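Here's the structure we're looking at; comments come further down.
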Protein chains: 2
Amino acid sequence: MNKLLLDNQLCFPLYALSRQVTALYRPLLEKLELTYPQYLVMLLLWETDNRFVGEIGEHLLLDSGTLTPLLKRLEQKQLITRTRNPADERQVTIQLTEAGQTLKNQAVDIPAQLQESMSLDDQQTVNLRVQLMTLLNQLTKTETII
Amino acid sequence: MNKLLLDNQLCFPLYALSRQVTALYRPLLEKLELTYPQYLVMLLLWETDNRFVGEIGEHLLLDSGTLTPLLKRLEQKQLITRTRNPADERQVTIQLTEAGQTLKNQAVDIPAQLQESMSLDDQQTVNLRVQLMTLLNQLTKTETII
DNA sequence: GGTTAATATATTGTGCACAATTTAATTGTC
DNA sequence: GACAATTAAATTGTGCACAATATATTAACC
């Protein structure tokens with residue numbers, strides 16, 4: 001087997017599929033005026049509000065270079081507030097505004113809509129997700145050990 | 001199940017894993033002074049040289065807005081040439097230079113190195129790849145039908 | 001054959017990613 | 001308590017992605 005063929009690499013389908021799936025989200029997220037990474041941040045905050053920038057980065061595997069400008073844009077849209085932690089002025093607390101909380105109601109249908117647009121059933125989705133998650137945990141674990 | 005939890009979405013592991021795997025490539029590709037998308041273009045050209053920009057975009061699912069500047073950077077590195085097709089001046093032919101062809105020798109070990117750094121065996125890699133590819137084909141097919 | 005439509009690439013603008021560095025605050029050590 | 005080391009976020013710079021538009025060439029049609 002020629003390992004250098006595009007089709008024989010694991011990386012390409014991962015890269016391309018990720019972009020294609022993001023593209024499926026785009027029209028749905030447009031209605032909420034969110035980009036895909038912004039949506040991930042909102043998902044996290046809807047789950048548990050009042051997180052430090054660092055905590056968000058830990059979950060999404062993103063650094064402040066990506067998050068700071070992204071969070072400023074969410075702040076401009078009045079979906080979140082950014083306030084320095086009085087107990088430790090180095091940290092910035094991200095908190096949902098009323099509008100940010102309310103937006104969740106418009107987002108609840110997105111996962112189902114997306115699954116349908118991918119024409120996957122529940123079992124397939126869970127299978128693939130678990131497989132990807134396992135690999136992801138494996139990678140992030142070994143990375144942090146080093 | 002709360003579908004809005006980050007961990008219950010298919011999108012996130014796909015997005016995060018794709019970035020993590022790209023991060024594994026980075027130190028290997030640094031030696032070739034290539035970015036990951038540039039590497040994908042080179043893979044394609046090592047496979048079959050003399051492609052139009054549009055053909056490259058078709059394979060990688062990228063448009064000219066992404067490819068044109070990327071290809072100009074590869075041209076600056078003297079790895080490829082960009083020449084208008086005399087038979088149809090709208091098209092631009094991308095051709096490997098001598099240096100571009102030679103670079104392949106430095107790239108042959110990358111797939112094996114990557115697979116090892118992901119600590120996956122051959123069978124796991126093939127399985128996941130096939131699963132991702134199937135889904136990718138499914139998505140790109142339905143997209144083009146619409 | 002002149003005009004319209006379609007096609008291929010380029011350009012512009014916005015928003016990530018991420019490396020590298022900077023700034024500011026806190027902690028640890030003496 | 002002074003000072004070095006560490007930590008959290010911000011800043012800077014480069015390179016994608018991708019939407020929208022522009023430009024230039026070719027094809028299609030009357």
Side-chain angles (χ1 to χ4, degrees), chain A residues 11-12 14-27 29-30 32-42 51-58 60-77 80 82-94 143, chain B residues 11-12 14-27 29-30 32-42 51-58 60-77 80 82-94 143:
Chain A
C11 58
F12 174 67
L14 205 49
Y15 157 83
L17 184 58
S18 172
R19 284 168 38 231
Q20 293 298 301
V21 171
T22 303
L24 290 180
Y25 274 93
R26 207 164 288 123
L29 294 177
E30 237 161 46
L32 317 196
E33 293 184 83
L34 289 178
T35 66
Y36 178 68
Q38 288 168 11
Y39 170 65
L40 293 180
V41 170
M42 293 303 284
R51 304 217 197 207
F52 299 128
V53 174
E55 293 181 85
I56 297 174
E58 220 172 297
L60 301 183
L61 305 175
L62 292 170
D63 67 7
S64 67
T66 302
L67 284 175
T68 298
L70 186 157
L71 292 168
K72 283 185 179 171
R73 283 187 282 271
L74 288 179
E75 189 185 33
Q76 274 182 355
K77 293 184 203 182
I80 63 162
R82 296 162 66 247
T83 43
R84 293 258 161 210
N85 178 12
D88 184 342
E89 293 274 347
R90 289 171 303 180
Q91 298 177 314
V92 171
T93 306
I94 305 299
E143 286 311 293
Chain B
C11 58
F12 174 65
L14 205 49
Y15 157 82
L17 184 58
S18 171
R19 284 168 37 233
Q20 293 299 302
V21 171
T22 303
L24 289 181
Y25 274 92
R26 204 164 291 122
L29 293 177
E30 237 162 48
L32 317 197
E33 292 182 83
L34 290 178
T35 66
Y36 179 68
Q38 289 168 9
Y39 170 66
L40 293 179
V41 170
M42 293 302 285
R51 305 217 195 208
F52 298 129
V53 175
E55 293 180 86
I56 296 174
E58 219 172 295
L60 301 183
L61 306 174
L62 292 170
D63 67 6
S64 68
T66 302
L67 283 177
T68 297
L70 186 156
L71 291 169
K72 282 184 180 172
R73 282 186 282 271
L74 287 180
E75 189 185 33
Q76 274 182 356
K77 293 184 206 186
I80 62 162
R82 297 163 63 247
T83 44
R84 293 258 161 210
N85 179 11
D88 183 342
E89 293 274 347
R90 291 171 303 181
Q91 299 177 314
V92 171
T93 305
I94 306 299
E143 286 311 292

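Per chain, numbering begins at 1; letters A, B, ... match sequence-line order. This one's a predicted model, so the numbers in the text were calculated from it and none came from an experiment.
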Determine the minimum heavy-atom distance between A/Ile80 and A/Leu71, stating which atoms define it.
CD1-O, 3.3 Å
Mind listing the closest non-hydrogen atom pair of A/Leu67 and A/Val53 along with its distance?
CD1-O, 3.7 Å
How long is the line joining [atom1] of [X] and [atom2] of [N], in whole Å?
X: B/Leu40; N: D/dC16; atom1: CG; atom2: P; result: 11 Å
X: A/Ile56; N: D/dA10; atom1: CD1; atom2: C1'; result: 15 Å
X: A/Glu89; N: C/dA24; atom1: CD; atom2: C1'; result: 10 Å
X: B/Tyr25; N: D/dC16; atom1: OH; atom2: C1'; result: 18 Å
X: B/Asp63; N: C/dT11; atom1: CG; atom2: C1'; result: 12 Å
X: A/Phe52; N: C/dA24; atom1: CZ; atom2: C1'; result: 16 Å
X: B/Leu61; N: D/dA19; atom1: CG; atom2: P; result: 12 Å
X: A/Leu67; N: D/dA10; atom1: CG; atom2: P; result: 9 Å

With a 4.5 Å cut-off on side-chain heavy atoms, are B/Arg82 and B/Ile94 touching?
yes
Within the 4.5 Å heavy-atom criterion, are B/Val92 and B/Phe52 side-chain neighbours or not?
no
OP1 or OP2 of [N] sitting under 4.0 Å from any side-chain N/O of [X]?
X: A/Thr68; N: D/dA10; answer: yes
X: A/Arg82; N: D/dA10; answer: yes
X: A/Ser64; N: D/dA9; answer: no
X: A/Tyr36; N: D/dC18; answer: no
X: A/Arg84; N: D/dA9; answer: no

Checking A/Arg84 side chain against A/Arg90 main chain: does a donor-acceptor pair fall under 3.5 Å?
yes
Which is more 5' along DNA chain D, the nucleotide nearest B/Asp88 or the one nearest A/Gly54? Just name the residue.
A/Gly54
Where each residue is assigned the nucleotide of DNA chain D containing its nearest heavy atom, which of A/Arg19 and A/Gln91 is assigned the position nearer the 5′ end?
A/Gln91
Sequence neighbours excluded, the answer for ring pair (Phe, Tyr, Trp, His ring centres under 6.0 Å) partners of B/Tyr36 is A/Tyr15, B/Tyr25
Just the atom pairs and distances: protein N or O near nucleotides 12-15 of chain C's N or O, under 3.5 Å.
none

Ranking A/Pro86 and B/Glu55 by the position along DNA chain C of their nearest nucleotide, the one closer to 5' is B/Glu55
Tell me which of B/Thr66 and B/Arg26 sits closer to the 5' end of DNA chain C, going by the nucleotide each one is nearest to.
B/Thr66
Side chain of A/Arg90, heavy atoms from C-beta onward: which of D/dC18, C/dA25, D/dA9 has the nearest atom to it?
C/dA25
Closest to the B/Tyr15 side chain: C/dT26, C/dA17, D/dC18?
C/dA17
Using the test side chain to side chain donor-acceptor pair (under 3.5 Å), find all partners of A/Glu55 that sit at least two apart in sequence or belong to another chain.
none
Return the CG to CG distance between B/Leu34 and B/Leu40, rounded to the nearest 0.5 Å.
10.0 Å
